[in-house]
Each structure stands twice: as C-alpha cells, then as structure tokens.
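Being a predicted model, the structure only gives us computed values, none of them experimental. Proteins get letters first, then strands, A, B, ... in listed order; numbering begins at 1 in each.
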Amino acid sequence: MLQQIRDRTSGIVAGFIVALLIVPFAFFGIETFSGGGGDPVVAKVGKQKIHQSQFQNTYDQRYRQYVSLMGDNFKPEDFKADDFRKLVLDDMTQEAMLRQFADKAGYRANDAVVFDYLSRIPAFQKEGKFDTETYRAVLARQGLEPTRFEEQVRNSIAIEQMRGGVLETAFITDADVQQAWRLAMQDRVVEYALFDSSKYLAQASVSDEQVKARYEQKKAQLMAPERIRLAYVELSQAQLAQASLPGQDVLKTIYDAEKAARFTTQEQRKASHILVNFGADKAVARKKAEALAAQLKGGSDFAALARANSDDTGSKEQGGDLGWIKRGQMPESFEKELFDLKTGEVAGPIETEFGWQLIRLDELKPSVTRALADADVQQELISLYQNRELAKRFQEQSEKLEQLAFENNASLEPVAKELGLQVQTTDWFTREAGSGIAANPAVLQAAFSPEVRDDNENSKPITVGESLVVIRKAEYEAPRQRPLAEVADALREELRAESAKTQAQAEAKKLLAELRAGKPLAEAVAATGAELRQPGALKRVQQGEEPQLLRAVFKLPRPAAGKPQLSELSLDNGNVAVLALTEVRDPVPASAAEIAQLRPRLREMQAGAEFTAYQKVIGEKVKVKLVNPPAQAASPEEE
Amino acid sequence: MTTHYDDEEQVENLKRWWKENWLALAVGLGIGLAGIVGWEQWKSYRTGQSEQASQIYEDMKKAVEAGKGEDAQVAGDKLLKDFAASPYATDAALLLAAKAVEDGKLDDALKHLQWVSANSKDAGMQRLSRLRQARVLWAQGKPEDALKQLDGEAGEYGHLFDELRGDIKLAQGDRDAARQAYDKALKAQADKPGATELLQRKLDDLAVQS
C-alpha cells in the first residue's frame with residue numbers, strides 16, 4: 001500500500017497533494033501533529049497532557065536542584081523517591097492548572113512587563129544594569145533558549161498576576177482586628193489543685209499476675225530489633241611501612257622534575273611608573289609623556305615627576321611605586337618592557353590599555369633555585385618520595401583488598417593473611433546506631449544489606465575516615481520476642497505509674513464533687529494531698545504554666561458571676577489538676593497603634609484563606625486527572 | 001510501477017475532475033481560509049487587549065506601592081471603563097477597594113466591590129467580592145445588610161462565609177447562632193488544622209457546659 005502511494009505520488013499529482021498538505025501546516029505549525037508516540041501520558045490537566053518525558057525532565061532538574069541544595073547532608077538511602085515524585089507531579093499539575101486558567105481568563109504579560117521583570121534579576125545585570133550579553137551567557141550556561149525562557153517568564157508573570165488579584169487585594173477591617181485582639185489578650189483568672197501522681201507511687205502495688213497479664217497484652221510491641229556483629233579488616237596508610245630511604249639518583253630525578261615548581265622562586269621586579277591618560281587626544285597625551293621622558297633623561301627625580309604628573313591615583317602619591325611584580329601580573333606590553341630593563345633604567349612612553357606609561361625598574365630580585373645539596377631540599381625530597389611511595393602502595397593494597405575480598409567471598413582470612421591485616425570484630429549493634437566503625441552510615445547500611453546480612457558475603461571496601469574496611473557478618477540476631485524476665489521491671493514501673501495516676505484521678509474526682517457541693521476550694525484542698533495553686537490572671541501564652549493546662553483553661557465555658565467553672569484535667573506528665581475558673585476578663589479595645597501592628601499578619605492569613613478557596617474554584621474548572629502515575633520512573637541515579 | 005502511459009492517463013483524469021469541481025473547491029478553500037484568518041485575528045486582537053490591560057494594571061500596582069494614590073485611581077478607572085471584561089479590571093477594582101478600606105473610605109470600597117459583582121464573569125471572583133462586601137458592611141455597622149450578602153451560594157468559600165456570619169451574629173449578641181456558624185466553618189476545614197487557630201479560639205470562647 002505504501003509502495004502504491006509512493007508510486008503514484010510522482011510528477012504533477014504529487015505536487016498537487018503536497019500543495020494541499022501545506023495549507024494546514026502553514027497555519028498551525030508542525031508541532032500540533034507530532035504526537036508523542038511511545039511517550040505515555042502521566043496526567044491530564046484540563047485540555048493539556050503531561051507526558052512521561054516532560055515529567056522526567058522536570059523531575060531530573062528538581063532532583064539535581066535538591067541534591068545540590070542539600071550538599072553534604074544529602075543521603076541517597078534516606079531519599080524518598082516516591083514522595084519526591086508525587087511532589088514534583090503535584091507542582092507540575094498545579095502549575096499547568098493555574099497557567100491554563102490564567103490564559104483562559106485573559107491574563108497575559110506584554111514584552112515590556114517581561115523585560116521589566118528580567119531587568120530586575122541581578123544575575124542578568126552588569127554593573128547594576130541589565131546586560132544583553134550577560135543575559136544570553138547566563139541562559140546558555142543553563143542550556144536555555146531565550147525565546148523559550150521568555151515564554152516561561154511570561155507565563156509565570158501571568159500566574160503571579162492572577163494570584164495577586166486575590167492575595168494582594170485582601171484587606172482587614174478594624175472589626176476583624178478587634179476580635180482577634182480580644183481573643184489574644186483575654187485574661188482568665190484561675191486557681192487549681194494539683195495532684196502530683198508520684199506521691200501515690202509508694203502505695204501502688206503491682207502483682208506478678210498483673211505484670212504477666214500486661215506482658216501478654218502488649219507482647220507484639222515488646223520486640224527486640226534485629227542486630228548484628230561484624231568481622232572486618234581495616235587497611236590504613238598509617239599501618240603501611242615507610243619506604244626505605246631513596247638513593248641520591250632517585251632524589252635527583254625528583255629534584256629535576258620538581259625544580260621549577262617547588263624549588264625555584266620567580267624573578268621579581270620592583271617598578272615605578274608614570275601614567276598619562278589618552279584623554280581626548282592620544283597624540284597630545286603622547287607629547288606630554290615624551291616631554292616627561294625627556295625631563296627624566298635630563299636628570300629629574302622620577303618620584304617627584306610622578307607625584308606631579310601621573311594620572312594613576314593609586315600610585316602617584318607613592319612616587320609612582322608599583323611594588324614587586326612577577327611575570328603574569330601586568331599587561332603584556334608593560335611586562336615585556338619591564339623585564340627587559342636594567343636596574344635604574346626608564347622605558348617609555350609605551351602604549352598600554354591604560355594610556356602612555358613611563359616605567360622605571362627600581363630593584364630586581366633574580367630568580368633563585370635552591371640546590372639539590374641544600375639540607376632542606378633533601379628533607380623535602382625525601383618526604384615527597386616517601387609520601388608518594390606510600391600512596392602508591394596504599395593504592396596497590398586497596399586494589400588487592402577489593403580483589404581478594406571479592407574472590408574469597410566466604411571469609412576474611414585470606415585477605416587478612418595476604419595483606420598482613422588483623423581480622424577484628426565490632427560490638428552488637430542495631431540499624432539505629434553502632435559504635436566504632438559501625439558509627440559510619442555507609443558501614444551501617446552495608447551491614448544490613450542483603451549481601452552481608454543474608455548471603456554471608458564480604459562487603460565491598462568502604463571508606464571510613466582515612467581507612468578502607470571490608471566487613472562481613474560475624475553474628476546476627478533476627479528481631480525476637482523479648483522474654484518476660486527481660487521486660488518485667490519496666491512493665492511493673494509502667495503499671496505502678498498507671499495505678500498512681502488512677503489514684504490521683506480518684507482523689508481529684510472526690511475533690512471536684514466536694515467543690516460542686518459548694519465547699520470553698522482552699523478548705524477542700526487542705527484536706528487532700530494536693531497542692532493549691534493560685535496563679536491569678538493568665539493569658540493564652542504564659543511563661544511558667546503548662547501549655548496543656550492553659551489550653552484547657554481557655555476552652556472552659558465562661559463562669560456565671562460568683563460561681564466558678566469547675567473541671568478536671570489529666571496532664572500528659574501523669575499529674576491531675578482540678579481547675580476553678582473564676583473570671584474571664586476581656587481586654588480594652590486595641591489602640592490605633594496596636595491595630596496597625598496586628599493588621600499585616602491577619603491580612604496575610606485572610607489572603608491565604610481566600611486564595612486557597614479561589615484555587616479550589618479553579619480546580620473545578622480545570623480538572624486534574626492522574627492517568628498513569630509515574631511510579632516506576634527511574635531517578636537519574638538509577639539510569 | 002509507474003509508466004509514462006499511466007502518468008498521461010492520471011493527468012487527463014485530474015484535468016477532468018478539476019473542470020467539474022474547481023468552483024466548489026475554490027469556495028470551500030475560501031471559506032476555510034477566511035475562517036482561519038478571522039480566528040487568528042480575533043486571537044491576536046484578544047492577546048493585544050490583554051497585554052494592554054496587563055501593562056496598565058502593572059503601572060497601577062507600582063503607583064499603589066509608591067503611594068501615588070491619584071495615578072493608581074486614574075489607571076484603575078481606565079481599566080474599569082475600557083477593559084471591563086478583562087480580569088485585570090476585576091483585580092483593579094479589588095485593589096482599589098483594599099486601598100479604600102485602608103484609608104477608611106468604606107463607602108468607596110463598597111462601590112468598587114459592587115462593580116466586581118456586576119461585571120466580573122468569574123464566579124470565584126464574584127463570591128469573593130460578596131464576602132468582602134459583607135465584611136465592609138459589617139465594619140460600617142450594617143450587620144443586617146452584611147448578613148444578606150452572605151445568603152446564597154458560597155461554593156468553595158463556604159467556611160469563610162460561615163466564619164463571618166459567626167462574627168456578625170456574635171456582635172449582635174446571638175451567641176448560639178455564632179457558635180453554630182463557627183462550628184460549621186471549622187468542620188468544613190477538618191482536613192487542615194493549623195489554618196484554623198483563630199477560628200478555634202472564636203469557637204472556644206463561646207463554649208457552653210456540656
């Protein structure tokens with residue numbers, strides 16, 4: 001069939017068909033027709049489809065950002081790829097949703113607004129102003145196309161404008177502020193009896209049967225986690241023997257190789273100069289420079305002339321002194337002249353990028369090379385040699401270690417024997433933490449890896465500090481049921497604390513009943529073991545009071561006049577309180593200054609709440625549908 | 001395979017077909033082209049309008065930030081007058097209203113918010129404007145008018161409408177109605193604690209003996 005079409009589409013007929021086909025492409029462009037074959041759709045947002053490849057690109061980008069943001073704190077084993085994937089997809093769908101809505105509603109940023117936005121980004125500026133070259137260079141470094149980038153910026157401005165339509169237009173009236181103020185500054189006058197449950201501990205008795213019953217009841221939670229002991233060999237540079245002292249011929253070879261970089265000081269020249277700026281007319285400036293040169297020839301003092309005539313504000317006061325100069329510090333034309341001069345000679349005028357310059361060589365420190373026979377040089381060469389030998393040897397041993405550990409997977413003995421290492425062992429440790437080498441996260445992870453834990457293999461070499469270790473399982477204990485004997489004491493304590501608390505609660509209930517019957521608090525408390533506390537007026541946030549107690553106080557109904565509001569409260573620390581709220585005092589209304597202070601935060605809260613609602617309205621109009629959540633999408637690490 | 005003879009015949013066929021159909025084809029193409037061109041022009045006209053409005057709106061925001069109230073007013077008025085269908089006009093009206101509240105000119109604020117109700121085509125914005133109108137009316141000491149604004153469909157703003165209803169009822173001294181309204185608002189947001197601290201305080205303050 002294809003062959004037939006190909007056959008027929010020759011000559012005039014072909015021309016005719018092609019002409020017809022061109023029409024739609026001319027208006028809509030090719031991209032409308034190039035569907036993503038083989039690129040599955042991950043989510044649909046309104047009319048838009050998000051493809052797997054788009055998702056993967058964004059994911060990779062965000063992943064790289066995240067990794068570089070976390071720096072050394074990034075731990076691949078803690079990274080939850082699934083959660084991150086969901087986060088990225090959520091952001092993408094939300095963004096697509098807002099963008100579509102903004103576009104449909106008629107939000108659109110014009111070029112001027114886009115440019116205004118770009119010009120305010122410091123990264124695109126040079127000397128405080130937007131610079132096209134810098135802009136293009138920065139984008140190129142990020143691999144971004146200017147037109148595409150600008151389109152993205154245009155879109156995000158439109159979205160920002162839409163968000164701003166709700167967020168930046170929110171307001172707070174004085175009535176709103178006054179209400180928040182009244183609640184925040186309210187005083188509640190309270191007194192309470194505090195039953196310290198530890199006082200009842202002594203009376204609490206717990207039988208063995210009770211302990212046993214509790215053990216049976218929560219047996220499932222009384223598990224000891226899996227733990228492991230490791231055998232390991234450790235290879236460190238410190239253990240390796242120093243290489244024997246090298247002979248002079250070896251030292252000579254190293255000396256020759258390192259002479260220029262290590263044992264030679266560069267030539268330095270101390271120079272002074274007089275600068276004549278080009279000014280408006282280069283030739284006039286040259287004349288002036290030549291006149292100065294003539295004066296110098298005539299015996300004038302260089303420093304005095306520099307002070308009077310140089311245009312270099314940095315050096316003129318020092319008589320043109322530029323200090324010591326090495327090769328590579330000055331423009332080439334300047335350097336060439338300076339390094340050709342003899343001490344006391346003047347060169348110039350020569351032309352440099354700064355202007356016309358007269359240069360004088362004041363002093364010269366020639367290049368010095370320390371001799372091979374120098375004792376310091378000998379010492380340096382020896383340690384250089386030995387360090388290199390050691391590093392080389394460590395490298396060799398490391399490779400052997402890896403190879404031997406791999407080839408003799410069932411034991412560390414061959415490795416230890418071959419490399420002259422000791423097989424050492426660690427203490428027991430769990431996944432939570434270990435000591436010694438097991439404190440190292442990489443060791444910890446390897447210890448519980450399937451290869452080491454289940455298959456009894458040697459691990460790969462792991463870097464621990466300056467050393468390399470290879471570990472294997474010495475002993476392992478799976479998660480196990482703790483026997484009653486092991487936990488009986490702890491359970492007994494737990495039961496006693498509960499019993500004490502129950503006792504305290506019973507006392508509190510008794511007190512509450514007496515108070516309800518009309519007995520005054522002070523009198524009723526005196527008859528109990530409780531402590532009477534009368535802190536007086538409390539605010540919602542109050543130093544020195546339990547937050548839990550404060551929360552309870554501010555949830556109590558208002559008391560009727562002369563009739564305190566009573567309540568019992570079990571605290572998380574085991575103590576029990578009986579509260580009596582006697583009065584609620586609303587504050588005087590906020591002053592203008594106080595209103596002004598509170599307003600911004602309330603406005604922000606209101607704006608946030610309003611926008612959340614508005615966003616939900618948008619969500620009704622532009623529906624997000626996850627078609628094929630990218631659960632198996634590979635992270636860049638796995639590629 | 002194609003032969004010379006085949007081609008000859010094809011050309012003959014094509015010529016005949018062309019004679020019979022060229023008019024229909026030309027008319028069809030003409031209508032199609034006109035449609036496409038018209039649509040493209042309409043789109044670019046709309047984009048142009050949006051971009052203009054966008055620029056005026058940005059200028060207006062800058063004027064507000066710089067404290068140039070008059071410039072902002074002029075820009076805002078232009079948007080309301082010439083670009084009433086644009087979302088920027090709605091945003092401008094809301095911004096003018098917020099500014100008016102800040103300056104204590106509640107009547108002006110109300111006027112701008114009413115403009116949004118009358119002109120915006122966005123249901124989300126219409127409801128938002130009703131909510132804000134109610135808050136202004138309440139601040140003006142007209143609780144009954146405010147409550148009237150809160151009647152009717154609230155959509156996704158339901159909990160905000162209810163919270164305000166509670167505020168107003170409380171100010172009127174109807175603690176039971178206020179408690180019910182707060183309770184409803186809180187339950188509607190059960191899935192996001194943390195966003196509701198102030199609302200929870202309002203409700204707690206109205207606690208009764210259980």
Would you say B/Asp205 and A/Gln186 are linked by a side-chain donor-acceptor pair, where the criterion is simply a distance under 3.5 Å? yes
For B/Arg46, is it the side chain, the backbone, both, or neither that has a heavy atom closer than 4.5 Å to a heavy atom of chain A? side chain
Please identify, among B/Ala92, B/Ala98, B/Pro87, B/Ala171, the residue contributing the most non-hydrogen atom pairs under 4.5 Å to chain A. B/Pro87
Considering residues, nucleotides and ligands other than A/Arg148, do more than 12 of their heavy atoms fall under 6.0 Å from its CZ? no
To check you understand the geometry: which heavy-atom pair defines the closest contact between A/Gly106 and B/Ser50, and what is its length? O-OG, 3.2 Å
Interchain contact, A/Ser567 with chain B, by part (heavy-atom threshold 4.5 Å): neither
Before giving the answer on side-chain contact (heavy atoms from CB on, under 4.5 Å), spell out for B/Asp91 and A/Tyr107 the whole-Å C-alpha distance, their side-chain angles and the decisive distance to 0.1 Å. CA-CA 11 Å; B/Asp91 293 352; A/Tyr107 285 97; 2.7 Å; yes
Got more than 12 heavy atoms from elsewhere within 6.0 Å of CZ, A/Phe130? yes
Measuring only between side-chain heavy atoms, which start at C-beta, is B/Glu156 closer than 4.5 Å to A/Gln615? no
Surrounding CD of A/Glu604 (heavy atoms of other residues, nucleotides or ligands, distance under 6.0 Å), is the total greater than 12? no
Please classify the contact of A/Ile172 with chain B as side chain, backbone, both or neither, using a heavy-atom distance under 4.5 Å. both
For A/Ala102, which atoms come within 4.5 Å of any heavy atom of chain B: side chain, backbone, both, or neither? neither
Engaged part of B/Glu102 at the chain A interface, taking heavy atoms whose separation is under 4.5 Å: neither
Between A/Glu168 and B/Lys61, does any NZ, NE, NH1 or NH2 come within less than 4.0 Å of an OD or OE carboxylate oxygen? yes
Quick check on A/Asp103 against chain B: is it the side chain, the backbone, both or neither that has a heavy atom closer than 4.5 Å? backbone
Taking the ring centre of each residue, are A/Tyr614 and B/Tyr157 less than 6.0 Å apart? no
Electrostatic pair B/Arg130-A/Glu610, nearest N-O below 4.0 angstrom: no
Minimum-distance pair of heavy atoms, taken over all atoms of B/Leu94 and A/Gly165: CD1-O, 3.6 Å
If you tally heavy-atom pairs under 4.5 Å between each of A/Asp174, A/Thr612, A/Val113, A/Leu556 and chain B, the highest tally belongs to A/Val113
Between B/Leu170 and A/Gln179, is any pair of side-chain heavy atoms under 4.5 Å apart? yes
B/Gln172 CD: over 12 foreign heavy atoms closer than 6.0 Å: yes
Can you check whether A/Phe171 reaches B/Val136 side chain to side chain, under 4.5 Å on heavy atoms? yes
Please flag which part of B/Leu164 lies under 4.5 Å from any non-hydrogen atom of chain A: side chain, backbone, both or neither. neither
Which bit of B/Leu113 is near chain A, if near means a heavy-atom gap under 4.5 Å: side chain, backbone, both or neither? side chain
Given heavy-atom pairs under 4.5 angstrom as the criterion, report whether the side chain, backbone, both or neither of B/Gln52 touches chain A. neither
Within a radius of less than 6.0 Å around NZ of B/Lys78, do more than 12 heavy atoms belonging to other residues, nucleotides or ligands occur? no
With a 4.5 angstrom heavy-atom cut-off, is it the side chain or the backbone of B/Leu95 that approaches chain A, or both, or neither? both
Here the gap from A/Lys555 atom NZ to B/Gln200 atom CD, rounded to the nearest 0.5 Å, amounts to 4.0 Å
Please look at A/Arg603 and chain B and tell me whether the side chain, the backbone, both or neither of the residue comes under 4.5 angstrom of a heavy atom of that chain. neither
Which one wins on heavy-atom pair count under 4.5 Å against chain B: A/Asn110, A/Val617, A/Leu183? A/Asn110
Residue part contacting chain A, namely of B/Leu106, when any heavy atom lies under 4.5 Å: neither
Which atoms of A/Phe101 approach chain B - backbone, side chain, both or neither, heavy atom under 4.5 Å: side chain
Just checking A/Lys621: does its NZ atom have more than 12 heavy atoms from other residues, nucleotides or ligands closer to it than 6.0 angstrom? yes
Is any NZ, NE, NH1 or NH2 atom of the basic residue among A/Arg540 and B/Asp204 found under 4.0 Å from an Asp or Glu carboxylate oxygen of the other? no
For the residue pair A/Val166 and B/Met125, establish whether any side-chain heavy-atom pair is separated by less than 4.5 Å. yes
Which atoms of A/Ala158 are under 4.5 Å from chain B, going by heavy atoms: the side chain, the backbone, both sets, or neither? neither
Holding to side chain to side chain contact (heavy atoms under 4.5 Å, CB included), I want the full list of residues that pass it with B/Gln41, two or more places apart in sequence or in another chain. B/Val37
Taking it one step at a time, do A/Arg154 and B/Glu51 satisfy side-chain contact (heavy atoms from CB on, under 4.5 Å)? CA-CA 11 Å; A/Arg154 196 185 298 279; B/Glu51 289 189 351; 4.0 Å; yes
Looking at every non-hydrogen atom in both residues, tell me the closest pair between B/Ser54 and A/Gln161 and how far apart they are. OG-NE2, 3.2 Å
Nearest-0.5 Å distance that lies between atom OG1 in A/Thr173 and atom CZ in B/Arg135: 6.0 Å
Is a salt bridge present between B/Asp122 and A/Lys104, judged by a nitrogen-to-oxygen distance below 4.0 Å? no
Leading residue by heavy atom contact count with chain B [cutoff under 4.5 Å; candidates A/Met605, A/Met162, A/Gln565]: A/Gln565
Carboxylate-amine/guanidinium contact A/Asp116 B/Lys62, below 4.0 Å: yes
Pick one of side chain, backbone, both or neither for A/Arg188, based on which atoms fall under 4.5 Å of a heavy atom in chain B. side chain
Main-chain N/O of A/Thr169 paired with B/Arg132 side-chain donor or acceptor, under 3.5 Å: yes
